[in-house]
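Following: one structure in structure tokens, then a few remarks.
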Amino acid sequence: MEQFWGSKVASLKPIIRVVLNRKEYRDSIQKYLRGDIEWGHRSLSDVKKLTRDILREEQNEICPYCQRIIVVERRNTLEDIEHFLDKSRGYYRRHAFTATNLILSCHSCNMEKGTRDLGDSSIREARYLYPGLGRFRWPHPYYDDIAACVRKEPGPVYIVVDGSGREAEAENMIKDLKLNHLRNIESRHQVLTQRSRKITSILARFITSDRESCKRRLKLLIEVQEEIHKELY
């Protein structure tokens, strides 16, 4: 799969719906929706893995909330399948496998969001989700272009975009996720600086190699390094 490290996430498309409607997953999903099994049940492992893979590609490996790279790691500890309307709330359980309620977020954003309720009363009561249904507390990753509502500048620092029509929602998201908290900015800067040094060290080892596999990895590492620099400077 080609990587698009410098891309931004626009409004997402619910392409995961095709997977969620597959016959082989139908029984397990229905058991979850009825409350017969919980999210961690082994029968949901395959559909969750495929959901994770498809969302990663659809999002260009970018977290829709903070618009930063989700670093791919073998155990997926830096990413989470995220429910925009939190599945732990009883009235949103019915949307646990709704395509427009699923994203892949970075672990930090998912932890800060917690079980926060992002819907109003009409959304809580809704059987189906669609644009204009009610008022969401944050810009919606499928119904809105979050990058057009919240601008990420070097640092990173997050700014509400005037004229988006979602200024209040954008302000809520920046505040709720603590995107502009100094401690978070400094911590992110430290992590990225360390990662940049590590990449530089790897590049130095690869630079004399003529192997095609090394050349492909060099290209990817250079793209990651460029994205880190955009965020740092």
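The structure presented is a predicted model; accordingly, all values stated were derived computationally and were not measured. Position 1 is the first residue of the sequence, and the numbers go up from there.
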Practice problem: Could you please spell out the steps behind the side chain to side chain contact (heavy atoms under 4.5 Å, CB included) verdict for Ser108 and Cys66? | Solution: CA-CA 9 Å; Ser108 297; Cys66 65; over 6 Å; no
Quiz item: Hey, mind stepping through Ile146 and Met173 against side chain to side chain contact (heavy atoms under 4.5 Å, CB included) and telling me if it holds?
Solution: CA-CA 10 Å; Ile146 291 182; Met173 190 177 77; 3.8 Å; yes
Using modelled atom types only, decide if a donor and an acceptor are shared between the side chain of [X] and the backbone of [Y] within a distance under 3.5 Å.
X      : Y      : value
Tyr142 : Ala99  : yes
Asn101 : Leu85  : yes
Arg94  : Ala126 : yes
Glu79  : Leu104 : no
Asn60  : Ile62  : no

Can you tell me how far the [atom1] atom of [X] sits from the [atom2] atom of [Y], to the nearest 0.5 Å?
X      : Y      : atom1 : atom2 : result
His140 : Asp145 : NE2   : CG    : 13.5 Å
Leu118 : Asn172 : CG    : CG    : 9.0 Å
Thr51  : Leu20  : OG1   : CG    : 5.0 Å
Ile16  : Thr100 : CD1   : OG1   : 12.0 Å
Ser105 : Asn110 : OG    : CG    : 4.0 Å
Leu179 : Glu112 : CG    : CD    : 8.5 Å

Practice problem: I would like to know whether Glu82 and Leu102 meet side chain to side chain contact (heavy atoms under 4.5 Å, CB included); could you show each step before the answer? | Solution: CA-CA 6 Å; Glu82 215 294 285; Leu102 291 166; over 6 Å; no
Would you list the pairs meeting ring pair (Phe, Tyr, Trp, His ring centres under 6.0 Å) in which at least one residue belongs to [range], sequence neighbours left out?
range           : value
residues 98-124 : none
residues 22-41  : Tyr32-Trp39, Tyr32-Phe97, Trp39-His83, Trp39-Phe97
residues 42-63  : none

Heavy-atom side-chain contact between [X] and [Y] under 4.5 Å:
X      : Y      : result
Ile159 : Val150 : no
Phe84  : Pro141 : yes
Ile103 : Pro64  : yes
Gln67  : Lys152 : yes
Arg22  : Val47  : no
Tyr65  : Trp138 : yes

Quiz item: Aromatic rings Tyr92 and His95: how do their planes relate, parallel, tilted or perpendicular, breaks at 30° and 60°?
Solution: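 Correct class here is tilted.
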Exercise. Answer yes when Lys49 and Asp53 have at least one side-chain N-carboxylate O distance shorter than 4.0 Å, and no when they do not.
Key: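 Yes, this pair counts.
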Quiz item: Looking at Arg151 and Glu153, does any basic side-chain N land under 4.0 Å from a carboxylate oxygen?
Solution: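 A salt bridge is present here (some side-chain N lies under 4.0 Å from a carboxylate O).
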Which side-chain N or O atoms in residues 128-136 pair as donor and acceptor under 3.5 Å with protein atoms at least two apart or in another chain?
| from | atom 1 | to | atom 2 | distance (Å) |
| --- | --- | --- | --- | --- |
| Arg135 | NE | Glu169 | OE2 | 2.7 |
| Arg135 | NH2 | Glu169 | OE2 | 2.8 |

List for me each residue that meets salt bridge (Lys or Arg N to Asp or Glu O under 4.0 Å) alongside [X], sequence neighbours excluded, and say none if there are none.
X      : result
Arg89  : none
Arg137 : Asp176
Asp27  : Lys31
Lys13  : none

Can you name the residues that form a side-chain contact (heavy atoms from CB on, under 4.5 Å) with [X], not counting sequence neighbours?
X      : result
Gln30  : Leu33, Arg34
Ser88  : Asp86, Thr115
Ser28  : Ser43, Leu44
Val160 : Glu167, Ala170, Glu171, Ile174

Practice problem: Indicate if Ile81 and Ile70 have the same hydrophobic cluster label, given that clusters are the connected sets of ILVMFWY residues with side-chain heavy-atom separations under 4.5 angstrom. | Solution: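 Yes, because Ile81 and Ile70 connect within a single hydrophobic cluster, where side-chain heavy atoms sit under 4.5 Å apart.
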Quiz item: Transitively linked via ILVMFWY side-chain contacts under 4.5 Å: Leu50 with Ile37?
Solution: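 Result: yes, single cluster for both.
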Self-check item: Least distance between heavy atoms, Asp144 atom then Cys149 atom
Solution: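 Reported closest heavy-atom pair: CB-SG, 4.5 Å.
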Practice problem: Could you walk me through whether Lys87 and Arg93 pass side chain to side chain contact (heavy atoms under 4.5 Å, CB included), step by step? | Solution: CA-CA 5 Å; Lys87 67 183 186 304; Arg93 187 181 182 104; 5.7 Å; no
